[in-house]
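What you are looking at is a predicted structure, and each value in this text was computed from that prediction instead of being measured. Count residues from 1 along the sequence.
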Amino acid sequence: MSAAFRPIDEQLEILRRGAVHLVDEAQLRSKLERSLATGKPLTIKAGFDPSSPDLHLGHTVLLRKMRHFQDLGHRVVFLVGSFTALIGDPTGKKTTRPQLTEEQVQANALTYQEQVWKVLDRERTEVDFNDRWLIPLGSVGIVRLAGRYTLARILEREDFKTRFANQQPIHLHELLYPLAQGYDSVVMKPDVELGGQDQIFNLLVGRDLMKEEGLEPQVVLTTPLLVGLDGVEKMSKSLGNAIAVNDAPNDMYGKTMSIPDALMWDWFLLLTDLPAAEIDARKRAVASGELHPMSQKHELAAAIVGD
């Protein structure tokens, strides 16, 4: 059976795998049913700000979810945040991000576009850049966009709320980030927007703005933040706990073998296609002593290198 014509329940099972937020599932089911009936694929959007030159395995969690939609026959758009990267995503940050130059953004975007093909199908992926519509929006358009949201609503974001309560600086340009990302959705009119779980506020802003424009709102689906090699913090190059997608295979294998045993089950779920029931069974077998954790970690490392 063609992937595009799989029963809706099968599609939902694949798409729910590893998901944190799904707003909302009934709407996603309705969109999938319409797609199946009309033969028209859904449009799936996921944005990546080229804030650094390298992607790591944490980024591939979201890329893999994009690939799931792709393999089900849907239209996937990899959106390069060529404008939003100039602002700097404040999500999860205790301090203001350094602002990048246009030259840095362009250089990083080039490396992103090469590295994503390790997960996505090049022939079935559209690439777009949000400076294409956000720069022409101009200062008047930005002011009007800012008039669509209140400061009180923006301060509902956990990181802004915390910084405000702790009297830590929040720069005005940071408040524009969720609005700029939300405007992407108004322009692109996606059926579904994907993002990391820490992006939930930004993704819901896009949903709100689409409703205000009289558009069918996007479904929001988020994926977990991959815990890094230390088993504590989310994977980050700056924390030194990351595996870059361009690392040599031997380095990827060795780094994977170094992770805490307890972490490998989440990695199996988020970085491989091993069925969730099989992962649970193996976890129980290791706990009972039927399987050795080292053998499972070797298999995980081999799967990651093979991908």
Side-chain angles (χ1 to χ4, degrees), residues 1-29 31-33 36 42 44 46 56-74 76 118-121 192-200 203 219-229 231-232 234-235 243 245 252-253 256-257 259-307:
M1 180 181 293
S2 168
F5 295 98
R6 287 196 186 195
I8 301 303
D9 286 340
E10 285 187 23
Q11 293 195 49
L12 284 171
E13 183 179 357
I14 292 168
L15 298 175
R16 280 195 301 256
R17 176 185 171 113
V20 179
H21 305 99
L22 178 50
V23 184
D24 61 45
E25 184 169 329
Q27 186 185 7
L28 178 57
R29 177 181 287 275
K31 287 174 180 278
L32 290 170
E33 288 172 346
L36 193 61
L42 301 184
I44 314 302
H56 53 63
L57 291 190
H59 296 108
T60 70
V61 175
L62 184 54
L63 291 170
R64 285 176 57 80
K65 187 55 63 182
M66 295 170 71
R67 182 61 187 254
H68 290 160
F69 275 99
Q70 202 167 55
D71 288 344
L72 290 170
H74 300 294
V76 166
K118 293 180 180 290
V119 178
L120 298 178
D121 185 328
V192 182
E193 181 170 15
L194 308 178
Q197 67 181 87
D198 59 342
Q199 289 284 314
I200 184 64
L203 305 186
V219 169
V220 166
L221 190 155
T222 70
T223 56
L225 303 178
L226 188 71
V227 175
L229 300 173
V232 179
K234 75 173 184 177
M235 185 170 284
I243 299 178
V245 299
M252 295 180 77
Y253 198 101
T256 302
M257 293 301 297
I259 67 173
D261 291 350
L263 183 58
M264 66 179 168
W265 308 116
D266 282 342
W267 279 35
F268 265 121
L269 181 67
L270 300 175
L271 300 176
T272 80
D273 289 323
L274 193 68
E278 175 66 17
I279 296 170
D280 289 339
R282 293 186 185 197
K283 185 176 181 179
R284 289 193 299 269
V286 167
S288 68
E290 295 175 52
L291 288 176
H292 196 286
M294 191 61 70
S295 68
Q296 299 307 296
K297 203 179 293 184
H298 276 295
E299 188 167 334
L300 173 63
I304 288 173
V305 171
D307 286 345

Calculate, to the nearest 0.5 Å, the distance between atoms [atom1] and [atom2] belonging to [X] and [Y] respectively.
X	Y	atom1	atom2	result
Q296	W265	CD	CH2	5.0 Å
Q11	E33	CD	CD	10.0 Å
L32	L72	CG	CG	8.0 Å
M235	H56	CE	NE2	7.0 Å
L120	M66	CG	CE	5.0 Å
T60	K118	OG1	NZ	11.5 Å

Output yes when a side-chain donor or acceptor of [X] lies under 3.5 Å from a complementary backbone atom of [Y], and no otherwise.
X	Y	answer
H68	L15	no
K297	I259	yes
W267	V227	yes
Q70	D121	yes

Side-chain contact, heavy-atom cut-off 4.5 Å: [X] with [Y]?
X	Y	result
R64	T223	no
L203	H21	no
L226	L271	yes
M252	V245	no
V220	Q199	no

**Report entry** Counterpart residues, salt bridge (charged side-chain N to carboxylate O under 4.0 Å, His left out), relative to K283 (two or more places apart)
**Finding:** none

Query - R17: partners by salt bridge (charged side-chain N to carboxylate O under 4.0 Å, His left out), with sequence neighbours left out - result: none

Query raised in the report: Quick check: are there more than 12 heavy atoms from other residues, nucleotides or ligands sitting under 6.0 Å from CD of E13?
Result: no

Requested in this report: Would you mind checking if D280 and R284 are paired as a salt bridge, meaning a charged N to carboxylate O distance below 4.0 Å?
Outcome: no

Minimum heavy-atom distance between [X] and [Y], given as atom pair plus value:
X	Y	value
K234	L225	CD-CD1, 3.9 Å
L42	H74	N-ND1, 3.0 Å
L274	I279	O-CD1, 3.5 Å
H292	M294	ND1-N, 3.0 Å
K65	I14	NZ-O, 3.2 Å
I8	R29	CG2-NH1, 3.8 Å

Query raised in the report: Which residues pass the side chain to side chain contact (heavy atoms under 4.5 Å, CB included) test with V20, sequence neighbours left out?
Result: Q197, T222, P224

